[in-house]
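Reckoned from all heavy atoms, side chains included, excluding hydrogens, waters and symmetry mates. Below, chain A is the first sequence line, B the second, and so on; all start at residue 1.
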2 protein chains.
Amino acid sequence: MARKKSETGPARRGRPPAYDTETALKRATETFWRTGYSGTSLDKVAAATGMSPPSLYAVFGNKHALYLEALARYWEISLAATREALAGDHPLDEALMLAYDAALSIYFSGKGSARGCFVVGTAVTEVAEDAAIRSSVATGLRAIDADFEARFRLAQDKGELDREADPAALAILAAATMQTIAIRARAGARRADLREIARKAVTVICGRQPEAR
Amino acid sequence: MARKKSETGPARRGRPPAYDTETALKRATETFWRTGYSGTSLDKVAAATGMSPPSLYAVFGNKHALYLEALARYWEISLAATREALAGDHPLDEALMLAYDAALSIYFSGKGSARGCFVVGTAVTEVAEDAAIRSSVATGLRAIDADFEARFRLAQDKGELDREADPAALAILAAATMQTIAIRARAGARRADLREIARKAVTVICGRQPEAR
DNA sequence: GTATATTTGTATGGATCGTTATAAAAATCA
DNA sequence: TGATTTTTATAACGATCCATACAAATATAC
């Protein structure tokens, strides 16, 4: 629960915070993103944020709570990116490519080699033993499926997609494509190659257009 | 490089090993599988294998080398399972389902909740900062793609698959389906639901059969 | 038996882990 | 100014990390 959202009230009482909570969370996220939850020590987070351990604990609680907040924020951002891509009035194949381009922008953000998806790259490992992380991941995965499925249903309504197509099945494949791209990005694949993968996947998923072109 | 493969020569000299290297590697793999590489201490591995830390180091080198050997062994087993499923003379859709059933058997093996895929569940996290693990993962991913692609090409030759289909694109989708199943299994999805996902994906991937049914 | 070779368990080293006690620093309120 | 409030940095806590020194244990070779 990030504070610092106070609307500059009548001036706070004690010593003012030296660091912004939002940017600290962003820096912490970047650190977890690269070395995972278990592989990231709080000292590393402290170094990345410039905050001392006691300040981190005062603001975020503990390492686990900090990671959960980073995970929740990541879901917000990445799900919003997918939704925005799918929400426009583009043709189905273009909308899907916009979603994959948005994902690629996230997966290849930051300095150095690609980090892929924060969830696939760090949360999935913890999910086996950590109920809180598992819950967050499961909920997010369902949301992705639902967003894709809604777009496929809309495509059917608009006549872009064969009436006999199965929107739920296509949604799983669309989500799977996003996830394989996330894995391959982290494993070192080139962005252009991954975009080509997305393009081919979209072609298969959209299938032959209904008669009216 | 696991020893203990010696063909019972003229009787070894010193005190005989108390533990079998193969079963120790299997137990170590199971431990990494659940808590990941960074999340698994050597003490935990020692407890799981029943071996003392010095014995583990004598046999496997160090924690990193032990994990790499577990990873290599996992690739061997899982790739062999996929190949065997695709190698039979079943129809394309049945062959694909055999591959997914084999994967599900691996993902749901062991006691307790499903661990998913060892690679997706543990190696992908380390891949960002560990060159050796990254190399192993990249090679394995290429192998999966190649195995699926070969099967799709065969299907075209046998007339099971539309001549205009793109075997490479379908292979990516088939691999992506396997990976999304791995992720969802670890995140708590039920086996029956994942099998249904596989079934629907196979339907989309195989597409409409060519004229001759 | 004695010497040699190899593995074993115990015990521990030095570093790092997550977390917190403590007190100085920097602001407002009186 | 002095009291109060809040954040800061330093330092350290016990626990655990990966790895190894050491000597007892157990086999063969002579």
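In this structure, B:Lys44 places its NZ atom 18 Å from P of D:dA15, rounding to the nearest Å. Per the geometry, CG belonging to B:Leu56 stands 13 Å off C1' belonging to D:dT20, to the nearest Å. D:dT7 atom P lies 14 Å from atom OH of A:Tyr19, rounded to whole Å. One interatomic measurement links the two molecules: OH of B:Tyr67 to C1' of D:dA19, which rounds to 21 Å at whole-angstrom precision.
Of all heavy-atom pairs between B:Phe60 and B:Ala65, the closest is O-CB, 3.3 Å.
Contact between the side-chain N/O atoms of B:Ser55 and the OP1/OP2 oxygens of C:dT7 is not found at any separation under 4.0 Å.
Residues B:Thr35 and B:Arg115 bring no donor and acceptor atom of their side chains to less than 3.5 Å of each other. Side-chain contact check for A:Tyr67 and A:Thr40: no donor-acceptor pair (N or O, by modelled atom type) lies under 3.5 Å.
Interatomic distance, CD of B:Glu126 versus OG of B:Ser38, reported as 3.5 Å (0.5 Å rounding). Rounded to the nearest 0.5 angstrom, A:Arg195 CZ and A:Met97 CE are separated by 4.0 Å.
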- Letter per nucleotide, 5' to 3', of nucleotides 18-26 of chain C [B base touched, S only sugar-phosphate touched, - untouched; heavy atoms, 4.0 Å]: SBBB---BB

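Within the cation-pi definition used here (under 6.0 Å to the ring centroid, within 45° of the axis), A:Lys63 qualifies as a partner of A:Tyr37.
Classification of the A:Phe118-A:Trp33 ring pair by plane angle, with boundaries at 30° and 60°, yields perpendicular.
Within the structure, the side chain to side chain donor-acceptor pair (under 3.5 Å) test picks out the following pairs touching residues 135-145 of chain B (sequence neighbours left out): A:Arg184-B:Asp145, B:Trp75-B:Ser136.
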- Message: Give the dot-bracket line for DNA chain D from 5' end to 3' end: parentheses for intra-strand Watson-Crick or G-U pairs under 3.5 Å, square brackets for crossings, | for inter-strand pairing, dots for unpaired.
- Response: ||||||||||||||||||||||||||||||

